[in-house]
There are 2 protein chains.
Amino acid sequence: MENSEPVADRGGAKGPRYQALADILQNEIESGVYPVGTRMPTELELCNRFSVSRFTVREALRRMIDNGMILRRQGSGTVVVSKNPTTMFVQKLNSIDELLQYSIDTRLKVKNSAAVEVDANTAKMIGCEPGTSWHKIESIRYLDEKSPICWTDVYVLPEHKSLADRIGEDTTPVFMVLEKEFNVVAEEVTMDLFAGSIEESKAWEMGVEPSSPTLIIVRKYKDQNGRVFEVSVSEHPAGRFTFSIDLLRSSNTD
Amino acid sequence: MENSEPVADRGGAKGPRYQALADILQNEIESGVYPVGTRMPTELELCNRFSVSRFTVREALRRMIDNGMILRRQGSGTVVVSKNPTTMFVQKLNSIDELLQYSIDTRLKVKNSAAVEVDANTAKMIGCEPGTSWHKIESIRYLDEKSPICWTDVYVLPEHKSLADRIGEDTTPVFMVLEKEFNVVAEEVTMDLFAGSIEESKAWEMGVEPSSPTLIIVRKYKDQNGRVFEVSVSEHPAGRFTFSIDLLRSSNTD
DNA sequence: TAAGATAAGATGTACAGACAAATTATATTT
DNA sequence: AAATATAATTTGTCTGTACATCTTATCTTA
């Protein structure tokens, strides 16, 4: 007596068996057979139900992990964490340089370095409470001697203020210096991009008209505990810089 | 006579065997044993050299694929594509909406729709040859009746011009309408963000001063063959819109 | 020479079995 | 009843084998 469902020999569908199995299970999750938060059947149960080997089951579940629908823990089991396959587009960065999007030859030149208590405006921009203590490093990024790319204000924790002395020594990104010197790890980076007008004082330094358009990029670097340990605010005068993102549709064949 | 290298029983290092193997191979790539562009040993050769099963070898190579160091093709082999483990940060999008970054309630209102041959400036901006034929759809994105978010010029292929009639019907993103109606698939999306000044004519429509700062976003949608089938140019007056990216350090434990 | 058929080589898929490691449930002891 | 030890469960790692599928090289033929 056959007690298994036809995964091996389904209609006219082509492709590997684990993909067919993944499709079935994803469908069952979407239709509520295994609600979010509950546990999926064990590998052995799936093997028996569909009459396939553990290899096939694990390969199918691996796809579902990549799609962000399930989560597995050794000894515990498989839990459903999402009804829909997440991550339809993925951005891949090939290097740290692409995160900052400057060629390796640009250099940061420090103009000023001092402790500050952020005012209301700045607090809103960098996402913290007004009056918080930060160490602010004002600097300009140059392509060469006469070509300023952008003005950058770097905010670091007070205990990291000695960082200012190391900026400009080489072309290492600021947050990588922090990682190396102060033993923090950038686990998450949030970037906000918007348009604005440049301040009069900075306009002179950058060699553009006052209140001319700029692309402002605010980067927040968080460590493992979610604490923001660096914020940088960069202002790029129009025409000097383009921020590019390349997104690839992830390999879900759903 | 033992002719294999010790992967199974290395020093005091813990962890699975495939991880040890992956580390060794990554090291050899970095030190130039297998230069970028050349082919790695076959699975069977690695099995023999390290006295491990094909499972272990494939599991190791799978890690290296995830790191973007190698690329494999059935029947062909394994080629090295990068000296360093790539993808240090990954952006995950949970929905199409996050790609466009507009709340689901915004609507596009078509102002004009006509065939055009792009001039030199536009050609440079959207990345094609001057004189190319496109169908241009000018529109404005509104949050509600009186709140324009941005001006958007959508360029689609001439054979897709009937799309203009379907824009604004609902809140479906333009490229998704194309995917559904014309059977194309957005496999890759390239976005360029930069600052600029708004044109006089558009300034009036958007309710801002002429030549005031704008955030310009150019999105190019490519299909499986790499052909660009849609280009959109959005101009967001300063203060109306912020583009956010959230990057997570990828799980490579190298 | 060029086109097509054939063979060889490499990765992909699939099965079965075994043990390791982590978790959870159960039983035991205090 | 609570803490501890034990057993059962579940996923992780690993080996071996077999065949399928795709690619590339080689041979054959027109």
Side-chain angles (χ1 to χ4, degrees), chain A residues 2-10 12-25 34 37-66 68-81 251 253, chain B residues 2-10 12-25 34 37-66 68-81 251 253:
Chain A
E2 254 311 330
N3 203 9
S4 72
E5 303 175 36
V7 180
D9 48 294
R10 59 209 163 102
K14 299 283 188 297
R17 213 168 291 181
Y18 59 75
Q19 186 62 59
L21 178 53
D23 290 342
I24 293 175
L25 294 175
Y34 310 117
T38 66
R39 299 166 69 113
M40 296 255 311
T42 67
E43 294 181 356
L44 215 55
E45 287 170 334
L46 292 173
C47 289
N48 294 331
R49 173 177 164 200
F50 295 102
S51 291
V52 294
S53 69
R54 242 187 106 199
F55 170 87
T56 303
V57 169
R58 287 178 63 80
E59 211 64 26
L61 293 178
R62 179 173 261 171
R63 262 73 187 172
M64 298 170 70
I65 293 174
D66 293 342
M69 300 185 73
I70 62 173
L71 202 137
R72 321 192 71 206
R73 255 169 50 239
Q74 182 175 166
S76 175
T78 305
V79 289
V80 183
V81 294
S251 49
T253 48
Chain B
E2 255 310 332
N3 203 9
S4 73
E5 302 176 36
V7 180
D9 47 296
R10 61 208 163 102
K14 299 285 187 297
R17 213 166 291 180
Y18 58 74
Q19 186 62 57
L21 178 53
D23 290 342
I24 293 176
L25 294 176
Y34 309 117
T38 65
R39 297 164 72 109
M40 295 255 311
T42 67
E43 293 180 356
L44 215 57
E45 287 170 334
L46 292 173
C47 289
N48 293 331
R49 174 176 162 201
F50 295 102
S51 290
V52 294
S53 70
R54 243 187 104 198
F55 169 87
T56 304
V57 168
R58 287 177 64 80
E59 211 64 26
L61 293 177
R62 181 173 259 171
R63 263 69 186 175
M64 297 170 70
I65 293 175
D66 292 342
M69 300 185 73
I70 62 173
L71 202 138
R72 322 192 72 205
R73 256 170 50 240
Q74 180 177 168
S76 176
T78 306
V79 289
V80 182
V81 294
S251 50
T253 48

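So that the names make sense, note that chain A is the first sequence line, chain B the second, and so on, each numbered from 1.
The residue among A:R73 and B:G75 whose nearest nucleotide of DNA chain D lies closer to the 5′ end is A:R73.
Between the CG atom of A:N48 and the C1' atom of D:dT10 there is a distance of 14 Å, rounded to whole Å. Across the protein-nucleic acid pair, A:E43 atom CD and C:dA22 atom C1' stand 14 Å apart, rounded to whole Å. Computed from coordinates, the A:Q19 CD to C:dA14 P distance equals 10 Å when rounded to whole Å. Regarding B:R58, its CZ atom lies at a distance of 15 Å from the C1' atom of D:dT15, rounded to whole Å. The interatomic distance linking B:I65 (CD1) with C:dA10 (C1') rounds to 14 Å, in whole Å. Rounded to an integer number of Å, the gap from B:E45 CD to C:dG9 P is 12 Å. If you take CZ of B:R17 and C1' of C:dC19, they are 11 Å apart, rounded to a whole angstrom. Nucleotide D:dT10 holds its P atom 14 Å from the CE atom of A:M40, rounded to whole Å.
Listed pair A:S76 / C:dT24 meets the phosphate criterion, a side-chain N or O lying under 4.0 Å from OP1 or OP2.
Counting only heavy atoms from C-beta on, B:Y18 has its side chain closest to D:dT13 among D:dT13, C:dT24, C:dG12.
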#### Entry: Worked check of side chain to side chain contact (heavy atoms under 4.5 Å, CB included) between B:I70 and B:Y34
CA-CA 11 Å; B:I70 62 173; B:Y34 309 117; over 6 Å; no
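Using five terminal pairs a side, the axes of the helix from C:dT1-D:dA30 to C:dT30-D:dA1 at its two ends make an angle of 10°, given in steps of 10 degrees.
One donor-acceptor pair, N or O on each side, does fall under 3.5 Å between the base of C:dG12 and the side chain of B:R54.
Of all heavy-atom pairs spanning A:V81 and A:G68, the tightest one is CG2-O, 3.3 Å.
Under the 3.5 Å distance criterion, the side-chain polar atoms of B:R39 are matched with a main-chain donor or acceptor of B:S76. No side-chain donor-acceptor contact under 3.5 Å links A:Q19 to the backbone of A:P16.
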